[in-house]
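The structure appears below as structure tokens.
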Amino acid sequence: MSPTLVLSLVAGYFVVLIIIALLTSRGATSESFFVANRNAPWYMVAFAMIGTSLSGVTFISVPGNVYGKSWSYLAVALGFVAGYVVIGTVLMPLYYRLRLVSIYSYLEQRFGYWSYKTGALFFLISRSLGSALRLYLVAGVLQLAVFDAMGVPFAVTVVVSILFIYLYTFKGGLKTILWTDTFQTLAMLSCVALSIYFMSDALNYSFAKLITSVKESPMSQVYFSDFRDDKFFWKQFASGMFITIVMTGLDQDLMQKNLSCRSLGEAQKNLFWFTPVIVCVNILFLTLGVLMYQYAAARGLKLAELPQLLNLKGTLDTDKVFPFLATTQFSLTAGIIFILGIIAVTYASADSALTSLTTSFCIDFLDIKKYPEAQQTRLRQLTHLGWSVVLIVIILIFRVLNEQSLIDAVYKAAGFTYGPLLGLFAFGIFTHRQLRDRLVLPTCVAAVSLTLLIVTHSVEWLNGYKFGFEILLLNGALVYLGLLLISRPTEAAPAPANLPA
């Protein structure tokens, strides 16, 4: 696949996004940018959320990770279901009853100023890191497929990629993103289905043979044997549940879409239709993973011996396998579909994240609603540009430091950064105690530091136990205990502000 062809595809794709942005951002206000005027159809939100939730990390890392972890990720995906039930029945009623724009303003009503700022701060850290890692992935694919051959530095690739996102989101915000993400989700799902079809066809698999081949592969194994193993099913299931609660229910990015629905009932309908679909899509990704390693073996490719697929430690970088096969081994048509799919899924996640970072900073730190609309627009657009620069910097730092699968990197980072949000919201919802507000931030920082210490030494301290994605549970529990230590009972329980109706 020639670099010129790929570049033409990317350019054409962004022309479509810019056209959608121009059509949907007419007459956009701050209310349009933040919550799409609270008038979005639930079915559009549900479909758009698929692309936002998955991202390029799922697209590349979940199939790639099958090489070392088989189908252990299935337990995480099944845990998503339990997490979405909690979000739909506990968190959404709370947010809608309080008519929140930023979900972290709940913490101010429940505990006070510093709790509110602490929650918003940890969201900004969490989402900026997670979004940067996702963008790093697609920038790496474009670098491999296009810009290396043209002699363009990786830093330029990153800047151009984020500039495109800024251009089609800076005016319309969420109002635009609901439309662009609907388009991008459709492109992503088409890519996954067609990639499976093309590889099955190359292997002469009928549909029945495909199912049998995947089912009988050792790469479709799920682990139930040793709870100390980081792939153990119930550890992964619990992690998936709590990852969903924090990375969707306590995350401004995903909840901003849900809050754009016309009513609580429509938002819940959106979530409960979205849930089974997201599980099925993850199963498709796992199937794709098994199939692509079978495809490579059938072509005589020894992936672990190819220099371009090795990481700095000299071992196979599984995040590079799917892009490598798609751009060098697939047919031209299949390669084109892959490029469009990876761009679609990554930018569906990244554009939404950039908008939510802007929303949180404007609402939670700038208190933007106290200004007239013209000044709100200027502040919002400057903030949007500022977060674009922050993402660029994080991506360039991560390129130097990364040595692991991105799906692992994203979820492990989430374990440390979303833990304080899990602890804070759980304490607010399930207790009636008040906090010594000024001690909340140092308590959360101390809990994160203690989590890092325990995880780093778990093998020697805990009889060989290895932490996987359940880092989040440990961190959230330590935050909760820390908050308990700095809390005091109240005579009147603040039920209207902390329990769903």
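Nearest heavy atoms, T383 versus C362: OG1-SG, 3.8 Å. Between L366 and Y371, the shortest heavy-atom distance links the atoms O-CE1, 3.7 Å. Taking both residues in full, the closest heavy atoms of G249 and I87 are given as N-CD1, 3.5 Å, listed atom of the first, atom of the second, then distance. Looking at every heavy atom in both residues, I337 comes nearest to C191 through O-SG, 3.2 Å. In terms of heavy-atom proximity, L129 sits nearest to T417 at CD1-CG2, 4.1 Å. Here the closest heavy-atom approach between residue L250 and residue L421 is recorded as CD1-O, 3.5 Å.
Between the side chain of S360 and the main chain of L357, no donor-acceptor pair closer than 3.5 Å is present. Q236 places no side-chain N or O within 3.5 Å of a backbone atom of V76 that could act as its donor or acceptor partner. Remark: the backbone N or O of R110 is paired with a side-chain donor or acceptor of Q434 at under 3.5 angstrom. Judged purely by atom type and a 3.5 angstrom limit, Q268 has no side-chain atom pairing as donor or acceptor with the backbone of T89. The backbone N or O of I245 lies less than 3.5 Å from no partner atom in the side chain of T248, so there is not a single donor-acceptor pair.
Taking CZ of F427 as the reference point, atom CZ of F111 lies at 6.0 Å (rounded to 0.5 Å). Within the model, atoms CD1 of I486 and CG of D437 stand 8.5 Å from one another, a figure rounded to the nearest 0.5 Å. One finds the CZ atom of F164 at 13.5 Å from the OG atom of S388 (value rounded to the nearest 0.5 Å). The CD1 atom of I278 lies 10.5 Å from the CG atom of L271; values are rounded to the nearest 0.5 Å. To the nearest 0.5 Å, atom CD1 of residue I368 and atom CZ of residue R380 are 6.5 Å apart. Atom CG of N65 and atom CG of D319 lie 7.0 Å apart (nearest 0.5 Å).
Two residues are said to be in side-chain contact when any heavy atoms from C-beta on lie closer than 4.5 Å; I363 and S105 fail this criterion. S239 places none of its side-chain heavy atoms less than 4.5 Å from the side chain of L472. The side-chain heavy atoms of F416 and S126, taken from C-beta on, include no pair separated by under 4.5 Å. Residues T431 and S487 are not in side-chain contact: their nearest non-hydrogen atoms beyond the backbone lie 4.5 Å or more apart. Contact annotation: the side chain of L450 approaches that of I454 to within less than 4.5 Å [non-hydrogen atoms, C-beta and beyond]. Side-chain atoms of V479 and T443, non-hydrogen and from C-beta on, never get closer than 4.5 Å to each other. The shortest distance between side-chain heavy atoms of F80 and T275 does not fall below 4.5 Å. Counting heavy atoms from C-beta outward, V158 and Y136 have side chains that stay 4.5 Å or more apart.
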Original post:
Between Q109 and L100, does a side chain to side chain contact (heavy atoms under 4.5 Å, CB included) hold up when you go through it step by step?
Top reply: CA-CA 11 Å; Q109 297 181 41; L100 303 180; 3.8 Å; yes
Original post:
Can L439 and L435 be said to form a side chain to side chain contact (heavy atoms under 4.5 Å, CB included), step by step?
Top reply: CA-CA 8 Å; L439 297 179; L435 297 175; over 6 Å; no
Original post:
Could you walk me through whether N475 and L422 pass the side chain to side chain contact (heavy atoms under 4.5 Å, CB included) check?
Top reply: CA-CA 9 Å; N475 194 8; L422 177 60; over 6 Å; no
Original post:
Taking it one step at a time, do F322 and S195 satisfy side chain to side chain contact (heavy atoms under 4.5 Å, CB included)?
Top reply: CA-CA 10 Å; F322 192 17; S195 294; 3.9 Å; yes
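Judged as a side-chain hydrogen bond (donor to acceptor under 3.5 Å, both in side chains), and not counting sequence neighbours, Y104 has no contacts.
The pair D364-K117 fails the salt-bridge criterion, with no side-chain N (NZ, NE, NH1 or NH2) lying under 4.0 Å from an Asp/Glu carboxylate O.
Using bins of under 30°, 30° to 60° and over 60° for the plane-to-plane angle, the ring pair F425/Y95 lands in the perpendicular bin. Note on ring orientation: taking the six-membered ring where Trp is involved, the planes of F361 and W387 are perpendicular (angle over 60°, cut-offs 30° and 60°).
A side-chain donor from one of Y418 and D251 sits under 3.5 Å from a side-chain acceptor of the other.
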